[in-house]
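Here's the structure we're looking at; comments come further down.
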Amino acid sequence: MPILDTHTVETPEGVDFDIRLAGIGSRFFATVIDATAIIAIMIIAQAATSYVIAILDTAVGGLGGFVVAIYLIVTFLVLFGYQALFEIALKGRTPGHLALGLRATRLDGGRIGPFAAIIRSLFWPIEVFSFPPIAFSSVFASPRILRLCDVVAGTILFN
């Protein structure tokens, strides 16, 4: 199956235009940047949690479980919300996408909405952190270099 490097968008006015799809390398390095940011945020959150628990257990006692619960909520929000937050706020871009000049859009070339950003965000940690072979195999199996999250959300990544 040949890899396509462009995607044709058909406008309602009957004008077609091609957009250049993001390559495997640029997608990979954008993912590395975003994964590094997520890991750094989680390390900082874990250090802050340990520090707060040490202070609270010494000063108040018994609030360590509450702090751990907050840490778990923050961890969930970072893992599953990082990409959605940035893609909604930055019009289809995460910090990794920005660094490499990439943008996620709908298949029709329009801006992705919150629903598509959330769908992409829910699949992202599963593909990247839990089952990287899924992300790699879906990219290589798709002629448009789509990850599973792109297929489910109806999006493409271009530069």
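This chain uses plain numbering: 1 for the first residue, then up along the sequence. Because the structure is predicted, anything quoted here is derived from the model rather than measured.
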Where at least one partner belongs to residues 77-119, residue pairs that pass ring pair (Phe, Tyr, Trp, His ring centres under 6.0 Å), sequence neighbours excluded
F76-F80, Y82-F86
Taken in chain and number order and not counting sequence neighbours, the residues that satisfy salt bridge (Lys or Arg N to Asp or Glu O under 4.0 Å) with R111 are none
Sort and list the pairs that fulfil salt bridge (Lys or Arg N to Asp or Glu O under 4.0 Å) and have at least one residue in residues 31-50, not counting sequence neighbours.
none
Sequence-distant partners of R120, salt bridge (Lys or Arg N to Asp or Glu O under 4.0 Å), two or more places apart:
E87, D150
Search all heavy atoms of R27 against all heavy atoms of L157 and return the closest pair with its distance.
NH1-CB, 3.4 Å
Using the side-chain contact (heavy atoms from CB on, under 4.5 Å) criterion, which residues pair with L72? Sequence neighbours excluded.
V68
Looking only at heavy atoms, which two atoms of A116 and T155 are closest? And how far apart?
CB-CG2, 4.0 Å
What distance separates R93 CZ from L100 CG, expressed to the nearest 0.5 Å?
10.5 Å
Least distance between heavy atoms, L102 atom then A22 atom:
CD2-CB, 3.6 Å
Side-chain polar contacts of residues 42-51 - donor-acceptor pairs under 3.5 angstrom, sequence neighbours left out - could you list them?
unit_1, atom_1, unit_2, atom_2, d
T49, OG1, A45, O, 2.7
S50, OG, Q46, O, 3.1

Looking at residues at least two apart in the chain, or sitting in another chain, which of them share a side-chain contact (heavy atoms from CB on, under 4.5 Å) with L77?
I73
With V151, which residues qualify under side-chain contact (heavy atoms from CB on, under 4.5 Å), at least two apart?
L146
Minimum heavy-atom distance between A99 and I33, given as atom pair plus value
CB-CD1, 3.7 Å
Is it possible for you to say whether I119 and I112 belong to one hydrophobic cluster, with membership spreading through side-chain heavy-atom contacts below 4.5 Å?
no
Determine yes or no for a side-chain-to-main-chain donor-acceptor pair under 3.5 angstrom, with E127 supplying the side chain and R147 the backbone.
no
Say whether L79 and I118 are linked into one hydrophobic cluster, either directly or through other cluster members, by side-chain heavy-atom distances under 4.5 angstrom.
yes
Given the rule that I, L, V, M, F, W and Y join up when any side-chain heavy atoms are under 4.5 Å apart, are I41 and L85 in one cluster?
no
Taking the side chain as everything from C-beta on, heavy atoms only, tell me whether T94 gets closer than 4.5 Å to W124.
no
Applying side-chain contact (heavy atoms from CB on, under 4.5 Å), name anything that partners F158, two or more places apart in sequence or on another chain.
I19, R103, T105
Any idea which heavy atoms bring A84 and A117 closest together, and the distance?
CB-O, 3.7 Å
Residues which pass side-chain hydrogen bond (donor to acceptor under 3.5 Å, both in side chains) with N159, listed by chain and number, not counting sequence neighbours:
none
